[in-house]
Visitor: 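The structure under discussion is supplied below as structure tokens; questions concerning it will follow.
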Amino acid sequence: MATLQHRQRACWDGVRNYQARNFLRSMQPGELFFFYHSSCPRPGIVGIGRIVSGAYPDPSALEPQSPYFDAKAGAERNPWVAVDVEFVEAFGDVIELMRLRSTPDLAQLPLLKKGNRLSVMPVSAGEWAAVLALR
DNA sequence: GCCAACGTTGGC
DNA sequence: GCCAACGTTGGC
């Protein structure tokens, strides 16, 4: 997020899960998304971004030096996609995972379900509003 | 197509 | 670093 904010625009690449890939592929230019930070001291939603391109083949899958390299992908057959995104808003404070969990309107959010492994998921209009209300 | 083993993810 | 959970892989 900090990098995205500084650069304003970034390529969202490296998604290597088919279900998450499908959600990424369904995103349309202009759509907003929440930016969730995981695997850090305070996991939670840190801000908002906007999709600025349709999905296109993820070039990092073809780069041997990339951590996202996929030996099974090729230029002709690359199963992975990336989208371009831009910075919209950084929240004043992280909306922490525990706070998300304690919000009844978010109970159905896949993120909060036991054993969730999805890194990209849809957010309903009601869930979107519920998160914004926590800012 | 089943299913066990393995690898990865993410919270704690 | 541990562990729960689940996706992926590969043998059959």
Side-chain angles (χ1 to χ4, degrees):
Chain A
M1 186 74 177
T3 302
L4 178 59
Q5 184 170 5
H6 178 249
R7 287 189 195 154
Q8 297 297 322
R9 282 201 178 207
C11 169
W12 182 1
D13 61 6
V15 170
R16 293 293 178 269
N17 168 287
Y18 285 102
Q19 205 181 347
R21 189 258 338 245
N22 293 342
F23 287 132
L24 194 62
R25 196 151 59 187
S26 72
M27 289 178 164
Q28 300 295 322
E31 288 182 338
L32 300 177
F33 61 90
F34 287 128
F35 200 121
Y36 178 80
H37 263 187
S38 62
S39 304
C40 59
R42 297 174 67 206
I45 298 176
V46 297
I48 298 173
R50 181 185 294 113
I51 306 289
V52 294
S53 81
Y56 53 88
D58 182 348
S60 69
L62 308 179
E63 296 163 0
Q65 73 279 12
S66 168
Y68 306 122
F69 177 65
D70 179 359
K72 282 179 266 179
E76 304 297 314
R77 184 163 293 208
N78 183 349
W80 307 115
V81 301
V83 297
D84 292 335
V85 299
E86 70 180 2
F87 173 79
V88 174
E89 175 181 339
F91 296 156
D93 197 12
V94 182
I95 303 174
E96 291 190 65
L97 181 57
M98 277 181 55
R99 248 185 111 211
L100 298 173
R101 287 199 190 286
S102 65
T103 302
D105 286 347
L106 296 177
Q108 298 310 310
L109 198 62
L111 172 73
L112 306 179
K113 299 259 173 104
K114 189 175 184 181
N116 166 65
R117 317 220 4 204
L118 264 186
S119 60
V120 185
M121 67 189 69
V123 177
S124 73
E127 289 162 345
W128 185 269
V131 170
L132 290 185
L134 298 175
R135 278 182 299 180

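As the structure is a prediction and not an experimental result, all values here were calculated from the model. Letters go in sequence order (proteins before strands), and every chain restarts at 1.
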Visitor: Looking only at heavy atoms, which two atoms of A:Asp105 and A:Ala130 are closest? And how far apart?
Guide: CB-CB, 3.8 Å

Visitor: Compare side-chain N and O positions of A:Lys114 against OP1 and OP2 of C:dA5 and report whether any pair is under 4.0 Å apart.
Guide: yes

Visitor: By the definition side-chain contact (heavy atoms from CB on, under 4.5 Å), identify the one residue from A:Arg21, A:Lys72, A:Arg16 that meets it with A:Pro79.
Guide: A:Arg21

Visitor: Can you list everything that forms a ring-ring contact (aromatic ring centres under 6.0 Å, His included) with A:Phe34? Sequence neighbours excluded, please.
Guide: A:Trp128

Visitor: Could you tell me the separation between the CG atom of A:Leu112 and the P atom of B:dC12, rounded to a whole number of Å?
Guide: 11 Å

Visitor: Among residues two or more places apart or on two chains, list those pairs meeting ring-ring contact (aromatic ring centres under 6.0 Å, His included) that have a residue in residues 94-127 of chain A.
Guide: none

Visitor: Can you check the A:Met121 CE to C:dG7 P distance for me, whole Å?
Guide: 12 Å

Visitor: Using the ring-ring contact (aromatic ring centres under 6.0 Å, His included) criterion, which residues pair with A:Tyr68? Sequence neighbours excluded.
Guide: none

Visitor: Please identify which of these residues, A:Leu106, A:Leu109, A:Leu111, meets the side-chain contact (heavy atoms from CB on, under 4.5 Å) condition with A:Val123.
Guide: A:Leu109

Visitor: Can you name the atoms? Protein N/O to nucleotides 1-3 of chain C N/O, anything below 3.5 Å, with the distance.
Guide:
none

Visitor: So, using ring-ring contact (aromatic ring centres under 6.0 Å, His included) as the criterion, who are the partners of A:Phe69 when residues are at least two apart?
Guide: none

Visitor: Any side-chain donor-acceptor pair under 3.5 Å between A:Arg9 and A:Ser53?
Guide: no

Visitor: For nucleotides 8-11 of chain C, which of its nitrogen or oxygen atoms have a protein nitrogen or oxygen under 3.5 Å away, and what is each distance?
Guide:
unit_1, atom_1, unit_2, atom_2, d
C:dT9, OP1, A:Lys72, NZ, 2.9

